[in-house]
Amino acid sequence: MHRLSQLHVPTLRNDPADAEAPSHRLLVRGGYARQVGAGLFSFLPLGWRVHQKVVQIIREEMNAIGAQEMLAPVLAPAELWQQSGRYEIPEVFRLKDRHGRDFVLSMTHEETMTFHAREIRSYRELPQLWYHFQVKGRDEVRPRAGLLRVREFVMKDSYSFDRDEEGLDASYWKHAGAYRRIFERCGLRFYECEGDVGLMGGKVAHEYLAPCPAGENEIALCEKGDYAANVEAARSVPSAPNFPERLDAPREVETPEIRTIEEVAEFLSIDPRATAKAMPVVGPDGTLVLGLVRGDHRLHELKMAAVLGGDFRPAHPEEIQEAFAASGGSLGPVGVQLRVIADEALREGQFVSGANRDGFHLLGVEAGRDYQPEFIDIREAIDGDACIHCGGRLTVEPAIEIGNIFKLGTRYSEPLGAVYLDESGKEQSIVMGSYGIGPGRVLAAAIEQNHDGNKIVWPRSIAPYEVEVVALQAAGESILATAEEIVQKLSELGHETLLDDREARPGEKFADADLIGAPARITVGKKTLEDGAVDLSLLASGEQRRVTADDAPTVVAGLLA
RNA sequence: CGGGGCGUGGCGCAGCCUGGUAGCGCGCCUGCUUUGGGAGCAGGAAGUCCCCGGUUCGAAUCCGGGCGCCCCGACCA
């Protein structure tokens with residue numbers, strides 16, 4: 001019997017000073033987790049119970065698609081990472097042993113799993129699907145928001161090994177199905193989005209994003225529910241501007257001390273969407289390029305970098321002055337001798353832009369007529385855009401990435417030499433996929449999505465306990481005895497139940513019960529026990545009910561069924 | 001890496017400007033009284049004031065350097 005009086009559940013009356021995200025605050029206050037250093041957390045017993053529940057759900061669904069659980073070490077010889085070419089990634093923790101040999105604290109396990117895949121000899125042994133739950137280390141630039149971005153965390157990572165693309169495709173979509181079931185079972189609101197392949201290398205990727213205010217990704221969602229994408233990859237139709245009257249040629253107007261789009265729009269009484277924003281940048285080859293997006297849009301850095309063939313930076317004021325003979329707030333595309341990359345949204349219509357003369361703007365600037373740009377999609381999707389499928393309104397919400405799936409192809413098998421012999425005896429590289437889930441993020445996202453002030457409302461599937469029995473006046477023997485009986489019966493009925501048998505005041509017990517967040521609560525106290533009754537409450541619905549102490553276990557079991 | 005904030009019993013904070021032997025609330029321990037949403041009284045334990053150096057008769061307080069943590073930005077499996 002789990003008695004709160006004997007468990008290490010250090011709840012706090014106050015919010016910790018260093019926590020802002022709700023999940024961080026509540027995990028610390030509720031005695032689930034403690035911070036050991038920046039981005040380093042211990043799961044205390046209560047938190048580990050939740051973590052293990054998430055892990056078990058993942059395990060069941062992975063096994064259901066035929067994956068085999070194993071365990072690879074956290075440390076890896078640097079050599080493996082040098083072979084794959086990932087040794088130089090800045091996020092990699094590197095270390096040496098006493099002999100001076102170099103090691104890596106694995107941030108994922110592609111290298112190590114591919115190392116094992118080298119023992120595969122024949123097409124007859126394929127496909128294979130391996131996974132483990134293992135600690136990952138990442139030297140993050142900036143850990144933040146409690147468990148949402150940490151430097152060390154447990155990940156379920158699985159790796160598929162197939163003969164060819166077709167096999168990979170099958171393994172990939174098996175994972176997608178398993179992932180949907182996992183996150184549904186964990187009670188999360190989530191979206192499966194096309195993702196960026198990033199540092200992992202590879203071709204196709206989906207990421208699973210759970211909307212929550214503390215998230216660090218942004219997700220574009222269609223109100224009709226038929227489109228969801230990371231803004232990094234989102235496609236959308238911009239809203240239509242209200243254009244002013246058409247002009248036969250650009251007209252210069254004086255705009256003293258007017259720099260920002262908001263100021264321009266207000267000063268000229270025009271729709272901000274009918275303005276163009278000039279963003280001079282310096283590309284990877286050192287040349288100055290003018291990016292041009294609509295006034296209400298934002299330049300998409302990844303898209304722009306793709307166009308320019310590498311990282312770029314905003315031009316310095318001196319560079320701007322030299323190229324435009326004007327300063328930052330007064331720039332435009334007309335008459336400049338630079339490569340001009342204009343967003344697709346500027347193709348049709350006449351826009352207000354800077355005049356390349358401080359204090360002046362141009363009305364009625366028209367692409368094709370007044371300047372000759374390259375049209376490329378270089379903007380971010382924003383709130384109010386329209387869905388490319390149905391035209392429905394898109395909103396942009398913050399979200400946290402809780403899992404992802406990647407088609408790696410031969411990104412790792414080739415450099416590491418994981419090959420098999422096909423039917424004709426020919427050597428082929430194994431075709432791989434990798435698939436990750438962070439149980440800690442799942443747990444944190446569940447809180448982010450299901451909390452209420454000082455309460456955690458756990459989805460039933462991952463709550464640390466299903467039922468908490470609160471024994472008020474625990475010193476009273478009959479009360480405690482009744483509570484223990486109820487706990488005993490609930491356990492026999494197969495429900496994990498926590499007994500609060502501490503000698504504490506009722507207020508404290510209720511407050512802690514709110515933090516522990518068991519879906520069902522039974523309060524045993526003098527007031528009702530005189531009538532042989534106890535109070536039941538369900539956290540999610542707020543439903544309250546008074547039943548006899550004898551009936552309580554079966555009634556609760558019925559409600560939980 | 002840039003900007004901002006913070007570091008004082010377990011937790012939350014005051015004290016610092018204007019140097020003088022460390023304080024409040026909560027928690028903790030003991031006793032009594034209490035007990036349906038964080039009790040009352042009495043007694044008690046507990047602090048290298050982040051670290052190092054300097055100034056000074058004297059430093060939590062002033063000066064220099066360092067470290068740590070949080071937030072924003074940059075960056076990002």
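Protein chains get the first letters and strands the later ones, always in sequence-line order, with residue 1 at the start of each.
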Donor-acceptor pair, A/Arg441 side chain versus A/Glu401 backbone, under 3.5 Å? yes

Heavy-atom donor-acceptor pair, A/Arg144 side-chain to B/C71 base, under 3.5 Å: no

Taking atom P of B/C1 as reference, at what distance in whole Å does atom CG of A/Asp139 sit? 11 Å

Minimum-distance nucleotide (side-chain atoms of A/Asn14 versus B/C72, B/C69, B/C11): B/C11

Interface with RNA chain B, restricted to residues 517-527 of chain A and to heavy atoms under 4.0 Å: A/Arg521, A/Thr523, A/Gly525, A/Lys527

Do A/Phe41 and A/His24 have ring centres separated by under 6.0 Å? yes

So, is A/Arg505 near the phosphate of B/A39, with a side-chain N or O under 4.0 Å from OP1 or OP2? yes

Proximity of A/Trp81 and A/Tyr87 rings by center, below 6.0 Å: no

Mark yes or no for a side-chain to base donor-acceptor pair under 3.5 Å between A/Asp535 and B/G36, with no hydrogen or angle criteria applied. yes

Give the rounded distance in Å between these two atoms: CG of A/Leu40 and P of B/G68. 12 Å

Please give, in whole Å, the distance from B/C75 C1' to A/Glu218 CD? 15 Å

Which base sits across from B/A59 as a Watson-Crick or G-U pair, both distances under 3.5 Å? none

In whole Å, I'd like the distance from the CZ atom of A/Arg502 to the P atom of B/G37. 16 Å

Measure the distance from CZ on A/Arg142 to C1' on B/G5 and round it to the nearest whole Å. 13 Å

From the candidates B/G36, B/G27, B/A74, the one with an atom nearest any side-chain atom of A/Val141 is B/A74

